[in-house]
Peer 1: 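Input: one structure, supplied below.
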There are 2 protein chains.
Amino acid sequence: MAEKVTIADVARLAGVSRQTVSNALNNPDVVREETRQRVYRAVEQLGYRVNQAARQMRTGRSRLIAIRIEPDRDGINGSVLDRFLHGLTESAAQAGYRVLLYTADDDQAEIDTFEDLLGAYEPDAFVLTSTHHGDLRTAWLQERRVPFVTFGRPWSSDSPKHLWVDVDGAAGTAAATRHLLDAGHRVIGFLGWPPGSGVGDDRREGWARTLTAAGVDPAGLSRATSDEVADGEKAAYDLLRSDLGVTALVCASDSLALGALHAARSPALAWRPGRRGSGGGMERPVAVIGFDDTPVAKAVGLTSLSQPLAQAAAQCVALLTTLLDGHTGSGEPPANVLLEPTLVIRQSA
Amino acid sequence: MAEKVTIADVARLAGVSRQTVSNALNNPDVVREETRQRVYRAVEQLGYRVNQAARQMRTGRSRLIAIRIEPDRDGINGSVLDRFLHGLTESAAQAGYRVLLYTADDDQAEIDTFEDLLGAYEPDAFVLTSTHHGDLRTAWLQERRVPFVTFGRPWSSDSPKHLWVDVDGAAGTAAATRHLLDAGHRVIGFLGWPPGSGVGDDRREGWARTLTAAGVDPAGLSRATSDEVADGEKAAYDLLRSDLGVTALVCASDSLALGALHAARSPALAWRPGRRGSGGGMERPVAVIGFDDTPVAKAVGLTSLSQPLAQAAAQCVALLTTLLDGHTGSGEPPANVLLEPTLVIRQSA
DNA sequence: CGGATTATTTTGATCGATCTAATCATGCCT
DNA sequence: AGGCATGATTAGATCGATCAAAATAATCCG
């Protein structure tokens with residue numbers, strides 16, 4: 001390993017005491033200008049870097065942010081959290097923090113890990129993802145006054161208040177629906193998940209709201225299923241072969257959208273009349289829009305909603321730093337952040 | 001935050017000295033059985049957990065493993081490293097280590113980060129990914145005797161010896177080629193990257209070797225391009241419309257394979273005779289096999305080679321722990337590990 | 001039984017930083 | 001000139017663990 005340079009080495013070279021070095025670095029305005037320069041030069045010359053472990057002992061701050069890395073469940077949507085993770089690592093580094101990973105299979109296991117980590121590495125904060133109804137984690141952390149932010153809103157109404165950053169799913173599906181309306185579609189279906197998941201309900205709501213505003217009744221135009229390509233295909237097929245005249249689909253995920261694309265290409269639907277009843281034979285393929293703009297979407301030319309993940313991560317770090325390095329007193333308390341996804345238009349719609 | 005439990009608290013409750021508690025935990029065979037039990041009970045009762053920062057100060061070990069998280073370059077193949085990362089986090093946790101993330105845009109930036117991290121957090125080891133020709137990182141780490149493993153072989157012949165874990169790409173493409181031969185294909189093409197990338201050359205070699213062994217000359221049956229779907233499509237199209245009678249393609253990545261699938265579906269090729277010159281009109285579609293078994297492959301039904309990433313990660317941790325917690329003396333020195341990918345068969349071949 | 005061995009436990013110092021409080025300089029004002 | 005507030009720097013203690021070495025207890029054996 002490299003030679004260790006301690007604060008004492010710097011002090012010796014600069015001809016001052018350890019404490020002055022510490023002050024020059026952490027509390028510059030308490031040190032005389034000339035001395036500070038001398039210390040800086042010594043630091044530079046020796047390549048000194050503060051030892052986090054030692055600092056942590058005294059200050060109780062580890063400058064670590066912990067986050068759980070999830071197994072890529074179905075695979076397609078897995079990349080979302082990974083992109084978030086990359087953004088988080090980058091933003092954290094800029095703020096002088098590092099990201100510590102852990103895994104856990106469920107809420108309880110995660111709470112056990114909280115305990116482990118807090119006892120051993122003492123991360124300064126946690127970033128929680130995949131918030132859901134009846135989330136046990138937030139209450140646990142709050143009880144112990146452990147700082148944290150969630151990427152995802154608290155979906156339960158009874159869940160305690162805490163900092164969060166999220167992407168406005170409803171705004172996304174609303175934009176998608178508007179895009180389809182602008183392109184001349186009227187009867188636009190929705191493919192989502194069973195009610196009860198905060199994220200899913202939110203995304204459905206944006207579609208329903210927009211459709212209603214355009215004078216189309218969304219009733220009956222929506223199907224719910226699990227987040228699998230095959231299930232999405234079945235549900236889409238079911239919706240398309242009905243007599244409702246659905247010409248476009250907004251989906252809660254790229255997985256479902258991919259299924260919808262398969263269904264739309266199904267030869268069994270070829271005889272269906274295009275939505276423009278007028279023109280002869282001039283049929284447009286069913287338009288499909290996904291959610292998350294995953295690599296799969298890019299690969300198959302699926303129009304999809306892209307979440308500003310790097311930005312969301314940066315906001316998480318921003319909230320945490322104001323909470324941790326709290327410029328207490330001045331300034332308003334940190335507010336929650338709701339970002340808008342953007343529609344990435346490709347061939348499918 | 002939670003109340004802090006220190007080793008002194010445990011000692012008090014167990015009625016022994018701090019050092020005895022430490023011994024009971026780290027050096028159990030030096031403590032009397034009865035005392036050990038008493039200490040364990042106290043630990044349990046108080047929920048004591050060793051403070052890593054304090055331990056690190058004395059021992060110089062942080063029980064942290066650092067790894068770089070890369071931006072998802074093209075997107076499709078990005079998930080590979082993420083899956084590896086998940087496996088690494090899990091295996092590391094089992095071995096009593098945690099994973100620390102960092103980012104860096106190139107070798108030099110990464111080396112700067114090494115310096116930063118080693119000075120501040122003192123990770124016990126690094127895991128390097130994406131090894132390449134002329135890799136600056138390994139030499140740097142070795143000079144400073146920083147323990148590390150690479151996921152990926154050292155491709156330069158002059159690069160110094162170090163621990164590595166890798167997946168045998170050649171064995172993978174060989175298996176894919178054999179699979180196609182078994183299915184009756186003879187003229188099997190290869191879609192890869194320009195020579196010079198270790199990984200790419202390795203994968204091409206497995207295909208060429210197997211084809212040659214089957215009595216087919218691979219010359220002219222291979223195309224090289226950048227790792228983009230569109231480029232793969234062009235290259236595949238070029239190969240398929242030639243007079244060579246190519247009926248199947250082995251690809252160096254799922255991106256290329258996806259391009260190949262698009263090309264194979266191209267109507268412009270429809271008139272091409274199937275490889276079974278005998279049967280009338282009975283044409284089989286061009287078979288395509290990808291590499292990495294990414295979500296995209298699953299989504300579009302692409303047969304692909306799956307890397308045992310969790311296993312690779314586990315091996316990395318295994319190598320590191322024998323290196324770090326070195327059961328020195330006994331046992332042979334840790335050896336490098338070469339794992340075999342498995343062929344996941346779907347509709348495309 | 002008594003000294004030598006071995007087993008078990010304890011005391012004191014230490015890792016590298018920061019906190020607290022004390023010391024030493026300096027400038028200002030009457 | 002003396003007193004005092006303010007500025008700049010330093011000495012000593014401390015965070016929680018482990019290392020080294022000393023102290024104490026248990027065991028052995030002629």
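Every heavy atom of this structure was used, including side-chain atoms; hydrogens, water molecules and symmetry mates were not. In what follows, chains carry the letters A, B, and so on, assigned in the order in which the sequence lines appear, proteins first and then strands, with residues in each chain numbered from 1.
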Peer 1: May I have the distance from B:Leu25 (atom CG) to D:dG16 (atom C1'), rounded to whole angstrom?
Peer 2: 13 Å
Peer 1: Tell me the interatomic distance from B:Arg38, atom CZ, to C:dT8, atom P, rounded to whole angstroms.
Peer 2: 14 Å
Peer 1: Take atom CG of B:Asn23 and atom P of C:dT10, then tell me their distance rounded to the nearest Å.
Peer 2: 10 Å
Peer 1: Rounded to whole Å, how long is the line connecting atom CG of A:Asn26 with atom P of D:dA8?
Peer 2: 17 Å
Peer 1: Any donor-acceptor pair under 3.5 Å joining the side chain of A:Arg58 to the base of D:dT14?
Peer 2: yes
Peer 1: Honestly, is A:Arg68 close enough over A:Tyr102, meaning NZ or CZ under 6.0 Å from the six-membered ring centre and within 45° of the axis?
Peer 2: no
Peer 1: Does B:Glu44 come within less than 4.0 Å of B:Arg41, counting only side-chain N to carboxylate O?
Peer 2: no
Peer 1: Whole angstrom is fine here: how far is it from CD in A:Gln56 over to C1' in C:dT18?
Peer 2: 13 Å
Peer 1: Out of C:dA17, D:dA17, D:dG12, which nucleotide sits closest to the side chain of A:Arg18?
Peer 2: D:dG12
Peer 1: Using a strict threshold of under 4.0 Å (side-chain N to carboxylate O), is an ion pair present between A:Arg49 and B:Asp116?
Peer 2: yes
Peer 1: Check every strand shown and say whether B:Arg49 touches a base, only sugar-phosphate, or nothing at a heavy-atom separation below 4.0 Å.
Peer 2: sugar-phosphate
Peer 1: B:Thr35 side chain: which of C:dT8, D:dT18, D:dA8 is closest?
Peer 2: C:dT8
Peer 1: If you compare every side-chain N and O of A:Thr6 against the phosphate oxygens of C:dG16 (OP1, OP2), does one of them come in below 4.0 Å?
Peer 2: no
Peer 1: Can you check whether A:Arg32 has a side-chain N or O nearer than 4.0 Å to OP1 or OP2 of D:dA8?
Peer 2: no
Peer 1: More than 12 heavy atoms of other residues, nucleotides or ligands under 6.0 Å from CG of B:Asp29: is that the case?
Peer 2: yes
Peer 1: What about B:Gln19: does its side chain form a donor-acceptor pair under 3.5 Å with the base of D:dC19?
Peer 2: yes
Peer 1: Could you check how far CD1 of A:Ile7 sits from P of D:dT10, rounded to whole Å?
Peer 2: 12 Å
Peer 1: Specify whether B:Phe114 and B:Trp140 have parallel, tilted or perpendicular ring planes, treating 30° as the upper limit for parallel and 60° as the lower limit for perpendicular.
Peer 2: tilted
Peer 1: Please pick, from D:dG16, C:dT10, C:dT18, the nucleotide with the shortest atom-to-atom distance to any side-chain atom of B:Val16.
Peer 2: C:dT10
Peer 1: How long is the line joining CG of A:Asp29 and P of D:dT6, in whole Å?
Peer 2: 17 Å
Peer 1: Taking CG from B:Asn51 and C1' from D:dG16, how many angstroms apart are they, rounded to a whole number?
Peer 2: 6 Å
Peer 1: Verify the contact: side-chain N or O of B:Ser22 to OP1 or OP2 of D:dT18, cut-off strictly under 4.0 Å; return yes or no.
Peer 2: yes
Peer 1: Please determine whether a side-chain nitrogen or oxygen atom of A:Thr20 lies at a distance below 4.0 Å from atom OP1 or OP2 of D:dT10.
Peer 2: yes
Peer 1: Does B:Tyr48 place a side-chain N or O at less than 4.0 Å from the phosphate oxygens OP1/OP2 of D:dA17?
Peer 2: yes
